[in-house]
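What follows is a single structure, written as structure tokens, with notes after it.
Just so we're clear, the structure is a prediction, and the values are computed from it rather than from any experiment. Side chains are part of it too, since the values below use all heavy atoms of this structure and drop only hydrogens, waters and symmetry mates.
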Amino acid sequence: QVRLVESGGGLVQAGGSLTLSCAASGRYAMGWFRQAPGKDREFVASISWNGATTYYADSVKGRFTISRDGAKNTMQMNSLKPEETAVYYCAARRGAAASISVDEYDYWGQGTQVTVSS
């Protein structure tokens, strides 16, 4: 089975940057989601198996960049805001197509905490 382990979370001041990474071997599209306390898990970014297609939530477009190098999935997050404090999850779905839907992903990491201080 696929095992996803996120890395790169931590504490950063508002306006700062973090880079999150995880990996999945095989033909998987991959994505990132986040969940703040008391809120639903929400889509952040995703990328197709070959890296040709990417999607971003409107709230992060222009600030976050998702990329992949083979099995490794990386999301660069710039100009972070305090309201983006959340647990960030790496996800993978079988096949080539990227998705923005929580329901369409097959595998999930355990999450990594990102805390943005004001």
Do [X] and [Y] belong together in a cluster built from hydrophobic side chains that touch within less than 4.5 Å?
| X | Y | answer |
| --- | --- | --- |
| V102 | Y107 | no |
| I100 | F33 | yes |
| W49 | L4 | no |
| V44 | V87 | no |
| L20 | M30 | yes |

Does a side-chain heavy-atom distance below 4.5 Å link [X] with [Y]?
| X | Y | result |
| --- | --- | --- |
| M77 | E84 | no |
| Y28 | D106 | no |
| E83 | V116 | no |
| N73 | I47 | yes |
| E6 | Y88 | no |
| L80 | F64 | yes |
| R27 | R94 | no |
| W32 | C90 | yes |

Working to the nearest 0.5 angstrom, can you tell me the gap between [X] [atom1] and [Y] [atom2]?
| X | Y | atom1 | atom2 | value |
| --- | --- | --- | --- | --- |
| K61 | T54 | NZ | OG1 | 9.0 Å |
| D40 | Q35 | CG | CD | 7.0 Å |
| Y105 | R41 | OH | CZ | 12.5 Å |
| S59 | K81 | OG | NZ | 7.5 Å |
| Q76 | T19 | CD | OG1 | 3.0 Å |
| R34 | T85 | CZ | OG1 | 9.5 Å |

Closest approach of [X] to [Y] (non-hydrogen atoms, all atoms of both residues):
| X | Y | result |
| --- | --- | --- |
| V114 | G9 | CG2-CA, 4.1 Å |
| A45 | Y56 | CB-CD2, 3.7 Å |
| A97 | A29 | O-CB, 3.1 Å |
| A14 | S118 | CB-CA, 4.4 Å |
| S99 | S46 | O-OG, 3.0 Å |
| S79 | R63 | O-NH1, 3.0 Å |

Quiz item: Is it the case that more than 12 heavy atoms not belonging to Q13 sit under 6.0 Å from its CD atom?
Solution: no
Practice problem: Check the surroundings of atom CD in Q113: do more than 12 heavy atoms from other residues, nucleotides or ligands lie under 6.0 Å from it? | Solution: yes
Self-check item: Expected output: side-chain S48 to main-chain T53 donor-acceptor under 3.5 Å
Solution: yes
Self-check item: Ring-ring centroid check F43 Y55, cutoff 6.0 Å
Solution: no
